[in-house]
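A quick write-up on the structure given underneath.
All figures in this text were calculated on a predicted structure; none of them were measured in a lab. Sequence lines set the chain letters: A, B, ... in the order given, protein chains first and strands last, and positions in each chain run from 1. When reading the values below, keep in mind they use all heavy atoms of this one structure, side chains included, and skip hydrogens, waters and symmetry mates.
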Amino acid sequence: MIDEQVLDGLHPMDKLLRADRIPHIWCPGCGIGTVVYSFLSALIKSGLDLDKVAVVSGIGCTGRAAGYINLDSFHTTHGRALPFATGLKLGNPELKVVVFSGDGDLISIGGNHFIHAARRNMDIAVICVNNFTYGMTGGQLGPTTPIRAKTTTSPYGNTEHPFNLPYLAAASGAVYVARWTSLDARRTERAIGEALAKKGFSFVEVIAPCPTLYGNMNKMKTGLDQMRFYEENSVIRHGAEPKDVDITLNGQIIVGKFVDIEKPTYLDLRDNIGSIV
Amino acid sequence: MKYWRRPLDLDKVCLPRAEVRIIEERCKGCNYCVTYCPRNVLVTGEKFNSKGYYPPHVKNQDECASCGLCQMICPEFAIYHIVQRPEVAEQSV
Amino acid sequence: MSEKSPLSGVFFMTGDTACAEGAISAGCRFFAGYPITPATEIAERMAERMPQISGTYVQMEDEIASMNAVLGASWAGVKAMTATSGPGFSLMMENLGLGIMTETPCVLVNVQRGGPSTGLPTLVAQADMMQARWGSHGAYEIIALSPNSPQELFFLTIRAFNLSEKYRTPVLIMTDEVVGHMTERVVIPPHKNIARYARRKPQVPPGEFLPYKGSDDLVPPMANAGDGYRIHMTGLTHDERGYPDTTAEAQGRLIRRLIDKIQTNKDDIIEVEEDQLDDADVAICSYGISARVALLPIEQARQEGIKVGLLRLITVWPFPEEHVRRVAKNVKAIVVPELNNGQIALEVERCVAGAARVIPVPHMGGDIHQPQDILDAIHRGAK
């Protein structure tokens, strides 16, 4: 029962990676690679025709994911993955369109696109790697940075309220909302699998370590420090009210599946007008 | 594996086994695999790779139960397991 | 959905409507937009028409999103367009650059109004001409067309789509509020008589395809998402595989090709109208509605015995340098009326390089030129 895929010495995921670009640019201990693995693993299990799957990223550390994934992959501009993905999906509704990007990209500069794509219930699965900071530019304050957390632009500690992403997604109209940490690689894979199977706007937030910047500035100098923090402080609470899953600097991280509802998608509603055109 | 009593269905159960392989040049030494392997198959290696990171070393290959966590949790696509023919548990009591 | 073919016949319609119908005739089946005066009528027409022809109209949350949705749809294999005016045009600049860098065919219509800022939402200007050329950051070439009537807006919209597919680049239609809102006779030819450029697809199997390797005309064939080529597209400087390569060498190779694919094909891209230039002592060089306003002063000057001709720039970018230089050799002066403080006049000066006097006729917009102002400039040029 030896998996033939690996007999040639390649990693079993290499067939879905642009393996000639590995090792990737992410720092030691960065969680993005783990989330990419969970995504690819979920894709394989999904049974989707992989020639009909497109991945769209914005800019930033997580935005580089599209460049490593051997599917039709689009590395767009900062914050604009969702409107690009909207055009891609509506241009060819046969495509399964996945947006894979970071918290700063999707929620700050792309925040307006995020709430509107969710409002339309556009048929897009969104995977958001949340590392609480802007990694690519050197660790600045982001829309998810917890209060009191230090960043290079909040050197005395953050004084802004952060977004609670599941609450934002749910309030905006997402039909599937889950949160895990990158330590929960298997649960992340399952959640992404569910998000891929879901019709409409699905959202999976994955909390992931950024040891170089966020961790380093907040007393968790290694990726392992952050993983241990998740291990000790994350609490699975399926069905929790999204408004109750705020993240604080040293508090609990509530994880689980929070929203899984049915609602007509953008395409469902649009195609309904066919008879009156 | 040692049992405190002999399970009644032991002759029917197959223990999954796998061989762990490491692509050393991809490793960046985060130690996630070493830390989270539930069977302590891995230890931090003593040799560094060309980038100066210490890839893990497979110390207890026989303990691997093919759970695949190392493969999943590795952010570098640097470790994987090859599932072996299952052996009947009986032999290892 | 019911199938209603693109229109053909003789119509009385606004420039904005003609633009939408031109897009449909060109094969456009995707429109993303955001309401903005004076371009809203294009979106409204598309909202009505797209469902009739199995196309997509989507109203995005802003112009940034509209531009991105158009790029996404183009990669899905659909001819796509958006339309806007000043403030929206500014918002689209970032992702116009993405379209240029990633060589994504699409059409962006700017129905120009007075600016800066909110300016004159309902009134005309031509003050975005330099923004069209330079508005996105970085070094690049762009194609921009400027129509002087609803009929020409119809045909230029078709041409814009064909050029965008042929050269894999966003194409701008720099029309203006007067042309957009003017209602005139528009003849739409039978659909089968309209030439439509089909996207060039790769001729090699997926493993061998280099998505950013230019062919003989420097334009690479394009694989759409879902075609099985598993392409990678990035706004980063990239190599022929499409992979990021942020080195001076890669930048030199890529940007050189992006510029050269327009520059070396200028003869195919550039279209001008030359009228009564053979014996002219003074030339009017203008575009869009201002070139149309100039027809009356040209006629008046001719009646006075001043030999005046017209060089009308239908393609504004890339700039018709050779045409301007040729005209400059034979005239004393080139008069450049435009609805701004002198933008294209600067380009004309650059090309003329002292061979003739260049007399700008600036007008800040809000309305079109008084013909007398242009006639006065002709008088000055004829001296």
Side-chain angles (χ1 to χ4, degrees), chain A residues 16 18 20-21 25 49-59 63-64 66-97 109-110 112-117 119-120 122 266-267 270-271 273-277, chain C residues 1-4 29-30 32 48-80 82 94-95 97-99 101-102 104 106 206 223-236 238 241-244:
Chain A
L16 273 181
R18 298 186 191 274
D20 47 348
R21 299 198 64 216
I25 60 163
D49 176 356
L50 296 182
D51 280 338
K52 301 291 179 195
V53 178
V55 182
V56 185
S57 289
I59 295 294
R64 290 301 186 100
Y68 296 116
I69 296 172
N70 190 19
L71 299 168
D72 284 321
S73 53
F74 300 90
H75 182 220
T76 64
T77 41
H78 199 17
R80 317 303 175 206
L82 271 165
F84 188 99
T86 297
L88 204 55
K89 177 68 188 177
L90 296 180
N92 181 0
E94 279 184 15
L95 296 173
K96 183 81 213 175
V97 180
I109 190 166
N112 197 34
H113 308 311
F114 181 82
I115 59 175
H116 284 277
R119 170 181 65 81
R120 294 186 188 102
M122 195 57 69
Y266 179 91
L267 284 170
R270 190 196 72 173
D271 292 347
I273 65 164
S275 54
I276 58 170
V277 170
Chain C
M1 269 186 204
S2 60
E3 283 285 347
K4 292 186 188 168
R29 293 296 179 271
F30 184 94
E48 182 188 347
R49 295 282 281 136
M50 279 293 143
Q52 297 174 349
I53 53 174
S54 301
T56 297
Y57 168 86
V58 59
Q59 189 158 312
M60 299 303 288
E61 52 274 16
D62 56 32
E63 287 89 346
I64 301 171
S66 303
M67 188 68 217
N68 275 279
V70 161
L71 297 178
S74 183
W75 278 99
V78 184
K79 289 187 180 175
T82 184
E94 176 198 34
N95 296 287
L98 181 66
M101 192 63 151
T102 58
T104 307
C106 60
N224 301 328
D227 281 356
Y229 281 84
R230 303 205 181 174
I231 45 96
H232 181 57
M233 181 215 90
T234 176
L236 282 166
H238 44 271
R241 296 171 297 174
Y243 290 2

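A cation-pi contact, defined as under 6.0 Å to the ring centre and within 45° of the axis, links A/Arg21 to C/Tyr243.
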For this session: Check the pair A/His75 / C/Met233 against side-chain contact (heavy atoms from CB on, under 4.5 Å), numbers first and verdict last.
Result: CA-CA 6 Å; A/His75 182 220; C/Met233 181 215 90; 5.8 Å; no
For this session: I would like to know whether A/Arg64 and C/Leu236 meet side-chain contact (heavy atoms from CB on, under 4.5 Å); could you show each step before the answer?
Result: CA-CA 10 Å; A/Arg64 290 301 186 100; C/Leu236 282 166; 3.6 Å; yes
For this session: Start with the C-alpha gap between C/Ile231 and A/Phe74, add the side-chain angles, then the distance that decides, and say whether side-chain contact (heavy atoms from CB on, under 4.5 Å) holds.
Result: CA-CA 8 Å; C/Ile231 45 96; A/Phe74 300 90; 3.8 Å; yes
Problem set entry | A/His113 vs C/Asn68, side-chain contact (heavy atoms from CB on, under 4.5 Å): CA-CA, chis, key distance, verdict | CA-CA 11 Å; A/His113 308 311; C/Asn68 275 279; 5.7 Å; no
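Note that OG1 of A/Thr76 and CH2 of C/Trp75 are 13.0 Å apart. Values are rounded to the nearest 0.5 Å. For the atom pair C/Ile64 CD1 and A/Ile109 CD1, the distance stands at 7.5 Å (nearest 0.5 Å).
Of the two parts of A/Asp49, neither the backbone nor the side chain holds a non-hydrogen atom closer than 4.5 Å to a non-hydrogen atom of chain C. Within the 4.5 angstrom heavy-atom criterion, only backbone atoms of C/Asn224 (N, CA, C, O) approach chain A. Heavy atoms closer than 4.5 Å to chain A are found in both the backbone and the side chain of C/Val58. Only the side chain of C/Arg241 comes within contact range of chain A, with heavy atoms under 4.5 Å apart. Of the two parts of A/Leu90, the backbone and the side chain both hold a non-hydrogen atom closer than 4.5 Å to a non-hydrogen atom of chain C. Neither the backbone nor the side chain of A/Ile59 has a heavy atom closer than 4.5 Å to any heavy atom of chain C. Using a 4.5 Å cut-off between heavy atoms, C/Ala225 contacts chain A through both its backbone and its side chain.
In terms of heavy-atom pairs under 4.5 Å with chain C, the best-connected choice from A/Arg18, A/His116, A/Lys52, A/Glu94 is A/Arg18. Heavy-atom pairs under 4.5 Å with chain C peak, among A/Ala54, A/Ser57, A/Gly91, at A/Gly91. Interface summary for chain A: among C/Ala32, C/Gly77, C/Ala69, the most heavy-atom pairs under 4.5 angstrom belong to C/Ala69. Contact count against chain C (heavy-atom pairs under 4.5 Å) is highest for A/Thr77 among A/Thr86, A/Val56, A/Asp20, A/Thr77. Contact count against chain C (heavy-atom pairs under 4.5 Å) is highest for A/Asn112 among A/Asn112, A/Ile115, A/Ile69.
Here the side chain of A/Asp72 pairs a donor or acceptor atom with the backbone of C/Gly226 at under 3.5 angstrom. Formation of a donor-acceptor pair under 3.5 Å by the C/His232 side chain with backbone atoms of A/Ser73 is found in this model. Between the side chain of C/Arg230 and the backbone N or O of A/Asn70, at least one donor-acceptor pair lies under 3.5 Å.
The pair A/Arg80-C/Glu94 counts as a salt bridge, with a side-chain nitrogen and a carboxylate oxygen less than 4.0 angstrom apart.
C/Glu61 has its side chain within reach of A/Arg120: a pair of non-hydrogen atoms, C-beta onward, lies under 4.5 Å apart.
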